Q: 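Can you read through this structure? Questions will come right after.
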Amino acid sequence: MTTIVETLAQQSRAAARHLATASEAQRNTALRYMADALQQQKQAILKVNAEDVDKARQAGLPAAMLKRLRLDETVFQYIVSRLQKVAARPDPLNRVLHGHTNPAGLRVYKKSVPLGVIGMIYESRPNVTTDAAGVCIKSGNALILRGGSEALQTNMLLADAMIAGAVRAGLPEHAIQIIRQPGHETVDQLLQLDDYIDVLIPRGGKGLIKRIAAGTRIPVIKHYDGICHLYIAADADPEQAIALAINAKCQSVQVCNALETLLIDPACAEQLLPRLQTAFSVHGIELRGCEKTRRILPGIEAATEEDWQTEYLAPILSVRIVADIDQAIAHINHYGSGHTDSIATGSLDKAWQFEQQVDSASVLINASTRLSGGGDYGLGSVVGISTDKLHARGPVGPDELTTYKWVAYGNGHLRQ
């Protein structure tokens, strides 16, 4: 017996074939119409979202998830603007990635094409609904959305508005679909549909992502922990280093590119750590330090082995004094999650060494870890940040949701 979820997947597969041949102009028009449709439904969406947030609060949803669930005027305009920005990006499809003419005159080239059908499984974040739709339409992929039950009403209104916008532009009605039935069984059904779905992208806690990856034969683009580091070298500009540390940790503590561990050279630790402690205390950040750090800041709690391995997503920061850049890099490569790591330094040699040796998706030089992502990287919109190395790494935008095909033009060429 065909389930509702399997029917959706079959419809998405058919829609993906049409999307793959839609012109750049048609896809960009669809994105603009999707943004217009969201604006027209703004008041209804904000009203339903407030109801979802109230129900989630009464159900005891953690504060961090409530914050991700909530849409206000500012967040709403932000998600609409991301659709508009992704429409303005260069077309990721039909790019010639490599080409040559062989000695026999056979013209061979490799061109970018869509992946096909993308399944998004996520918790709390209504912005994922719009971001995923924008990135998938731009890259010519059909999309199946399966959000958390806590955001179901909000997500359905967002999806319905964007579906109407896409259809108005002439795209298939099943280019964007949303699973409207709550419950884990719909996720379990989705995981078995490897005949129809090309890639799954889970967004949420580590437990969700591990369950998805372990329960399916479909390729999964995964984002586990965001254990992000900042190393302050001895030659760093003190004011800049302090500003970077405060922004990286305090600008938004509950996000995956927030700072979780601060590493600092002993040559500047005596000078900077007391100033950093004062600045962090203003933002209510609890510090946990290594033995050397606690000699300078005796009032803070001792950091444990577990602290170096923890993505807090909370107002807690672990601090370690390291002997030099080599030890800083060794710490990051051992304890880090491969997400985002930064160095504050005045030395091009140290910057180059850090860039070359830190094995992370994003490496920043004299810049806050909070900058790693689609917006500040100029991608317009992304469906997540991958800590995998295949198929995508780092921010996953329209380019990352393409693959390629080989094409050869001949004139009766035969194999000799």
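What you see is a predicted model, and the numbers here were worked out from it, not measured in a lab.
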Q: Counting only heavy atoms from other residues, nucleotides and ligands, does the tally under 6.0 Å from CD of E305 exceed 12?
A: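 Counting neighbours around CD of E305, more than 12 heavy atoms of other residues, nucleotides or ligands fall under 6.0 Å, so yes.
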
Q: For D54 and Q58, test the side chains for any donor-to-acceptor distance below 3.5 angstrom and give the result as yes or no.
A: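 A donor-acceptor contact under 3.5 Å links the two side chains.
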
Q: With the threshold set at 4.0 Å, does a side-chain nitrogen-carboxylate oxygen contact exist between D324 and K350?
A: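 Result for this pair is no, no salt bridge flagged.
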
Q: Report the relative orientation of the aromatic rings in H100 and H98; use parallel for angles under 30°, tilted for 30 to 60°, perpendicular for over 60°.
A: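 Ring orientation of H100 relative to H98: tilted.
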
Q: With the side chain counted from C-beta on, respond yes when I176 and I178 share a heavy-atom pair under 4.5 Å apart, and no when they do not.
A: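 Side chain of I176 against side chain of I178, heavy atoms only: no contact under 4.5 Å found.
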
Q: Would L46 and D72 count as a side chain to side chain contact (heavy atoms under 4.5 Å, CB included) here? Give the steps.
A: CA-CA 7 Å; L46 292 179; D72 57 21; 5.7 Å; no

Q: So that I can tick it off, tell me whether K47 and E51 are bridged by a salt bridge, with the cut-off set at under 4.0 angstrom between side-chain N and carboxylate O.
A: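 Between K47 and E51 there is a salt bridge, with a charged N closer than 4.0 Å to a carboxylate O.
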
Q: On a heavy-atom basis, which atom in A175 and which in A15 lie closest, and how many Å separate them?
A: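 That closest heavy-atom pairing would be N-CB, 3.8 Å.
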
Q: Compute whether any side-chain donor of one residue and acceptor of the other, for D235 and T345, lie under 3.5 angstrom apart.
A: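 Yes - a donor-acceptor pair under 3.5 Å links their side chains.
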
Q: With no hydrogens and no angle check, just 3.5 Å: does a side-chain donor-acceptor pair link S12 and Q177?
A: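 There is such a pair between these side chains.
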
Q: If we only count heavy atoms from C-beta on, is the C256 to E311 side-chain gap below 4.5 Å?
A: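 C256 reaches E311 side chain to side chain.
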
Q: Should the heavy atoms of other residues, nucleotides or ligands under 6.0 Å from OH of Y377 be counted, would the total exceed 12?
A: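 Yes, because the 6.0 Å sphere around OH of Y377 holds more than 12 heavy atoms from other groups.
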
Q: Quick one: list whatever passes side-chain hydrogen bond (donor to acceptor under 3.5 Å, both in side chains) with S386, sequence neighbours left out.
A: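 In terms of side-chain hydrogen bond (donor to acceptor under 3.5 Å, both in side chains), with neighbours along the sequence ignored, S386 is linked to no residue.
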
Q: Salt-bridged, R275 to E239, with N to O below 4.0 Å?
A: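 Counted as a salt bridge, because a side-chain N and a carboxylate O are separated by less than 4.0 Å.
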
Q: Looking at every heavy atom in both I321 and D265, which two are closest together, and how far apart are they?
A: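 Where I321 meets D265 most closely, the heavy atoms are CG2-C, 4.5 Å.
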
Q: Can T261 and S318 be counted as having a side-chain donor-acceptor contact under 3.5 angstrom?
A: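 There is such a pair (donor and acceptor under 3.5 Å, judged by atom type) between the side chains of T261 and S318.
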
Q: Establish, from distance only, whether the side-chain atoms of N257 and T340 form a donor-acceptor pair under 3.5 Å.
A: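 There is no such pair (donor and acceptor under 3.5 Å, judged by atom type) between the side chains of N257 and T340.
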
Q: Is the shortest side-chain N to carboxylate O distance from D195 to R13 below 4.0 Å?
A: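 The answer is no: the pair does not qualify as a salt bridge.
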
Q: Looking at every heavy atom in both E260 and I227, which two are closest together, and how far apart are they?
A: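 What the structure gives for the nearest pair is CG-CA, 4.3 Å.
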
Q: For residues T154 and P126, report the shortest heavy-atom separation together with the two atoms involved.
A: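 Answer, listing the atom of T154 first, then P126: CG2-CB, 3.9 Å.
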
Q: When you compare the side chain of Q39 with that of F76, does any pair of heavy atoms fall below 4.5 Å?
A: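 Yes - at least one pair of side-chain heavy atoms lies under 4.5 Å apart.
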
Q: Quick one: do the E73 and Q77 side chains pair a donor with an acceptor below 3.5 Å?
A: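 Their side chains do contain a donor-acceptor pair, which is all the 3.5 Å distance test asks for.
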
Q: Hey, does P114 have a side-chain heavy atom less than 4.5 Å from the side chain of L19?
A: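 The answer is no, as the side chains (C-beta and beyond) never meet within the 4.5 Å cut-off.
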
Q: Are the side chains of L93 and R27 in touch, meaning some heavy atoms are under 4.5 Å apart?
A: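 Touching, per the 4.5 Å side-chain cut-off.
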
Q: Using a 3.5 Å cut-off and no angle test, enumerate the donor-acceptor pairs between side-chain atoms of residues 199-213 and protein atoms at least two apart in sequence or in another chain.
A:
| residue | atom | partner | partner atom | Å |
| --- | --- | --- | --- | --- |
| R203 | NH1 | V383 | O | 2.9 |
| K206 | NZ | D225 | OD2 | 2.9 |
| R211 | NH1 | D188 | OD1 | 3.2 |

Q: Quick one: pull up CG in D36 and CD in Q84 and give me the separation to the nearest 0.5 Å.
A: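 Between D36 CG and Q84 CD, I get 7.5 Å after rounding to 0.5 Å.
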
Q: Y78 versus N127: any side-chain heavy-atom pair under 4.5 Å?
A: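 When only atoms from C-beta onward are counted, N127 and Y78 do not touch, as no gap falls below 4.5 Å.
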
Q: So Y335 and W308, would you call those rings parallel, tilted or perpendicular, with 30° and 60° as cut-offs?
A: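 Y335 and W308: tilted rings.
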
Q: Should the heavy atoms of other residues, nucleotides or ligands under 6.0 Å from NZ of K85 be counted, would the total exceed 12?
A: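 12 or below, so no.
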
Q: Write down the atom of A159, the atom of L145, and the distance for their closest heavy-atom approach.
A: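 Nearest heavy atoms, A159 then L145: CB-CD1, 4.3 Å.
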
Q: Among L276, L263, L287, find the residue that satisfies the side chain to side chain contact (heavy atoms under 4.5 Å, CB included) test when tested with V319.
A: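 The passing option is L287.
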
Q: Search all heavy atoms of L272 against all heavy atoms of I242 and return the closest pair with its distance.
A: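 Looking at all heavy atoms of both residues, the closest pair is CD2-CD1, 4.0 Å.
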
Q: For a quick check under 3.5 Å, do Q11 and Y196 share a side-chain donor-acceptor pair by atom type?
A: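 No, no side-chain donor-acceptor contact under 3.5 Å.
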
Q: Quick one: does V117's side chain get under 4.5 Å of L193's, heavy atoms only?
A: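 They are not in contact (no side-chain heavy atoms under 4.5 Å apart), so the answer is no.
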
Q: For D349 and S347, test the side chains for any donor-to-acceptor distance below 3.5 angstrom and give the result as yes or no.
A: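 Side chains of D349 and S347: no pair found under 3.5 Å.
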
Q: If you define the side chain from C-beta out and look only at heavy atoms, does anything of R180 sit under 4.5 Å from D160?
A: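 R180 vs D160: side chains touch.
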
Q: Within a radius of less than 6.0 Å around CD1 of I365, do more than 12 heavy atoms belonging to other residues, nucleotides or ligands occur?
A: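 Yes, CD1 of I365 has more than 12 neighbouring heavy atoms, counting only those of other groups under 6.0 Å.
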
Q: Any ion pair linking D307 and R320 (charged N to carboxylate O, less than 4.0 Å)?
A: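 No, this pair does not count.
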
